[in-house]
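To start, the structure itself, in structure tokens.
Here is how names work: the chains are called A, B, and so on, in the same order as the sequence lines, proteins then strands, and each is numbered from 1. The model shown is predicted, which means the values in this text are computed figures rather than measured ones.
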Number of protein chains: 2
Amino acid sequence: MIIQKSTSPRISSFDPENFSFGDTFIDHMFICEYDNEKWGEPRIVPYGPIGFSPAMMGVNYGQACFEGMKAYKDENDDVFLFRPEKNAKRINKSASRLAMPEVPEEIFMKGLQTLIDLDRDWIPKGEGMSLYIRPVIFATEEVLKARISNKYMFAIVATPAKSYYSAPVSVKISDHYSRAANGGVGSAKAAGNYAASFYPTKLANDEGFDQVIWTDDTAHEYFEESGTMNVFVRINDTIYTPKTSEKILDGVTRDSFLKLADKKGIKVIVGDVKVKDVVEAFDNGTLKEVWGVGTAVVTSVFKALGYQDRLLNLPILSETESFALSLKKDLTDIQTNKAEDTFGWRMKVEKNILEEA
Amino acid sequence: MIIQKSTSPRISSFDPENFSFGDTFIDHMFICEYDNEKWGEPRIVPYGPIGFSPAMMGVNYGQACFEGMKAYKDENDDVFLFRPEKNAKRINKSASRLAMPEVPEEIFMKGLQTLIDLDRDWIPKGEGMSLYIRPVIFATEEVLKARISNKYMFAIVATPAKSYYSAPVSVKISDHYSRAANGGVGSAKAAGNYAASFYPTKLANDEGFDQVIWTDDTAHEYFEESGTMNVFVRINDTIYTPKTSEKILDGVTRDSFLKLADKKGIKVIVGDVKVKDVVEAFDNGTLKEVWGVGTAVVTSVFKALGYQDRLLNLPILSETESFALSLKKDLTDIQTNKAEDTFGWRMKVEKNILEEA
């Protein structure tokens with residue numbers, strides 16, 4: 001691995017009490033380029049621009065997929081990743097569906113760990129704080145032909161993060177727009193899936209909703225995802241969530257919630273979640289909670305569901321009553337090394353990886 | 001408009017008899033940037049790289065759409081665009097669906113004409129030759145948040161072109177993968193649509209097919225598009241093509257073929273094209289032709305359709321018998337100023353636009 005350290009690091013001017021999420025970048029980034037049917041020498045370089053012309057295929061034909069993951073700092077300033085091997089596997093699943101080359105897991109994991117170790121001072125500490133990490137693969141060949149690119153870049157960039165979304169949100173159950181086609185790319189973290197969701201989300205925002213619950217594109221009868229998250233429904237004391245499929249992302253937080261719920265002895269049914277059943281449960285008073293789960297916000301609690309002309313106002317549950325909030329606490333306690341990690345989910349980022357390398 | 005002419009133009013080393021399509025770029029490109037809710041000063045600059053970090057939203061979230069169009073040089077070296085106002089309108093339709101700002105038609109048309117005029121020497125002349133032009137809008141803000149970008153670039157780049165695809169091709173009628181969801185972005189020239197199609201196309205290639213005929217994602221009962229083209233079917237002497245919808249691109253070549261067919265007195269039915277009806281027509285000998293139409297290749301004639309386990313070999317028609325080929329000739333004769341333009345489709349690119357500006 002080639003390391004080019006920043007000669008003008010910005011870390012001394014970083015205020016962990018006061019920063020802007022998403023556009024404050026750590027001093028370095030990891031990059032590795034693919035050409036001639038193989039990945040080249042991995043590099044860590046100062047974060048910053050790389051030259052691409054507007055003919056870049058990643059931009060023209062959307063061959064691009066990414067991951068979202070976090071690093072957490074505990075009380076002793078030790079740094080932990082959370083199930084990073086899941087992200088390494090999933091980015092390759094996404095890449096395959098988009099006819100892009102897979103990134104060897106060793107390049108992914110070593111690049112990730114070396115970068116996070118090098119810029120560990122950027123990780124803010126305390127309640128809800130973390131480093132949000134974005135691995136991304138995109139086509140870099142500059143050719144105006146709608147075909148598979150021959151050149152790619154795998155990059156990892158990162159930004160300090162506070163947990164966003166604090167207040168419960170209102171979500172609209174989609175009855176026209178959809179996120180994924182049968183035989184499409186819904187299960188991939190494909191760049192194009194996000195762009196496609198922005199306009200319907202904006203329309204929902206204009207109606208007073210914060211997000212959209214995506215339903216099947218055929219008849220809008222089944223829950224699929226919510227915003228950029230997997231969706232959970234609690235009826236009485238049973239949790240329901242759609243099974244993963246070619247339309248539904250296999251979320252790391254989703255999987256972790258399922259395992260934590262099981263450990264707690266909460267009954268979980270993974271399968272079709274019918275809009276009709278959710279509305280019926282609301283009407284007969286058995287619908288207790290609906291929430292989204294994802295890396296960025298861990299849990300987004302829903303206060304209301306918009307369904308056709310109705311607004312279904314959900315009960316407000318305390319942290320002890322709420323499965324969403326108690327599972328969130330279980331998860332974040334493991335992530336931040338406040339609780340025992342019986343699942344083996346944490347991965348400590350060793351210090352001075354560079355010097356050993 | 002700011003013009004920065006290339007100080008090291010490559011045109012003197014361009015051989016119009018021997019060049020590579022798609023990655024040979026003309027000396028200049030047009031760019032215009034959007035920020036603070038407005039488009040800035042349009043610029044023509046030397047073709048080349050622009051600095052973007054891997055956090056660029058166009059790459060991460062796929063907010064990117066494009067157009068494909070051509071300029072043709074006639075015997076007198078006059079240069080013509082073909083229905084460019086259709087592309088100006090459509091790129092904005094695509095942009096809107098992806099929650100991106102529209103480009104004012106004046107910026108689009110003036111940028112296009114000035115660029116093509118400036119680099120008119122790059123347009124190769126003769127049978128099938130043209131300049132392929134790629135207007136593209138993409139999100140340029142560098143933020144790791146899955147939301148609508150606040151910054152964009154509108155660019156026009158171009159490459160000399162020969163008509164590609166000469167031989168008739170075999171296409172597979174899709175029975176699993178799909179291109180577009182109901183309530184999705186199929187009617188937009190969204191970057192992500194192309195990436196999503198590459199893997200299914202590769203699988204079809206592995207089975208010996210050149211392209212895929214996309215069918216509806218619900219039950220694969222209806223033709224939608226073929227490859228990156230609109231699809232036409234001829235049964236006896238009637239042409240059938242799917243009507244445009246939120247899943248089907250409103251192609252300029254498609255629209256031109258419909259108008260030319262009408263002028264020729266050919267009966268055209270625009271509506272549902274059922275896979276079952278096409279297969280039945282093959283079986284009873286009334287299926288004469290199936291072909292794709294699009295800007296890049298104008299017409300791609302199909303020699304065989306793969307349907308489930310069957311291979312339907314289509315008749316080989318002469319240029320006079322074939323509707324596909326005779327309509328193609330009608331169209332290219334208008335595009336290249338060999339025939340009278342009764343529709344008012346050609347737009348001449350005036351000389352020395354720069355000096356007048």
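- Neither the backbone nor the side chain of A:Glu141 comes within contact range of chain B, judged by heavy atoms closer than 4.5 Å.
- By number of non-hydrogen pairs under 4.5 angstrom with chain B, the leading residue of A:Glu142, A:Met57, A:His220, A:Arg179 is A:Glu142.
- Smallest separation of non-hydrogen atoms from B:Pro54 and A:Phe138: CB-CE2, 4.1 Å.
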Exercise. Please assess A:Val59 against B:Met56 for the test side chain to side chain contact (heavy atoms under 4.5 Å, CB included), listing each intermediate value before the final yes or no.
Key: CA-CA 10 Å; A:Val59 152; B:Met56 194 236 284; 4.0 Å; yes
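- Contacts between A:Arg147 and chain B at a heavy-atom distance below 4.5 Å involve the backbone alone (N, CA, C, O).
- Within a 6.0 Å radius of CD in B:Glu207, more than 12 heavy atoms belonging to other residues, nucleotides or ligands are found.
- Minimum heavy-atom separation, B:Ala99 to A:Phe198: CB-CB, 3.8 Å.
- Among B:Gly192, B:Ala155, B:Ala181, the residue with the largest count of heavy-atom pairs under 4.5 Å with chain A is B:Ala181.
- Only the backbone of A:Ala180 has a heavy atom closer than 4.5 Å to any heavy atom of chain B.
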Practice problem: Please step through side chain to side chain contact (heavy atoms under 4.5 Å, CB included) for the pair B:Lys145 and A:Tyr132, ending with a clear verdict. | Solution: CA-CA 10 Å; B:Lys145 283 180 178 175; A:Tyr132 180 82; over 6 Å; no
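- For B:Ser53 against A:Tyr47, the heavy-atom pair with the smallest separation is OG-OH, 2.6 Å.
- Within the 4.5 angstrom heavy-atom criterion, only backbone atoms of A:Ser96 (N, CA, C, O) approach chain B.
- Only one option out of A:Thr218, A:Asp217, A:Asp216 pairs with B:Asn182 in a side chain to side chain donor-acceptor pair (under 3.5 Å); it is A:Asp217.
- When the candidates B:Ile31, B:Val143, B:Asn60 are compared by the number of heavy-atom contacts under 4.5 Å with chain A, B:Asn60 comes out ahead.
- To the nearest 0.5 Å, atoms OH (B:Tyr194) and CG (A:Leu98) are separated by 15.5 Å.
- Interface remark: A:Ala190 contributes no atoms to any contact with chain B (heavy atom separation under 4.5 Å).
- Between chain A and the residues B:Met29, B:Lys189, B:Arg134, the most heavy-atom pairs under 4.5 angstrom are made by B:Arg134.
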Self-check item: side chain to side chain contact (heavy atoms under 4.5 Å, CB included) between A:Tyr199 and B:Ile148, worked out
Solution: CA-CA 9 Å; A:Tyr199 176 72; B:Ile148 295 169; over 6 Å; no
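- With B:Leu144 as reference, A:Val157 is the one residue of A:Val157, A:Val136, A:Thr24, A:Asp23 to meet the side chain to side chain contact (heavy atoms under 4.5 Å, CB included) rule.
- A side-chain donor-acceptor contact under 3.5 Å links B:Arg97 to the backbone of A:Ala196.
- Your options are B:Glu246, B:Lys202, B:Met100, and the one with the most heavy-atom pairs under 4.5 Å with chain A is B:Glu246.
- B:Phe66 touches chain A through its side chain: at least one heavy atom from C-beta onward sits under 4.5 Å away, while N, CA, C and O do not.
- Options A:Gly58, A:Ser174, A:Ser20, A:Pro200 differ in how many heavy-atom pairs under 4.5 Å they form with chain B, and the most are formed by A:Pro200.
- Both the backbone and the side chain of A:Phe52 come within less than 4.5 Å of a heavy atom of chain B.
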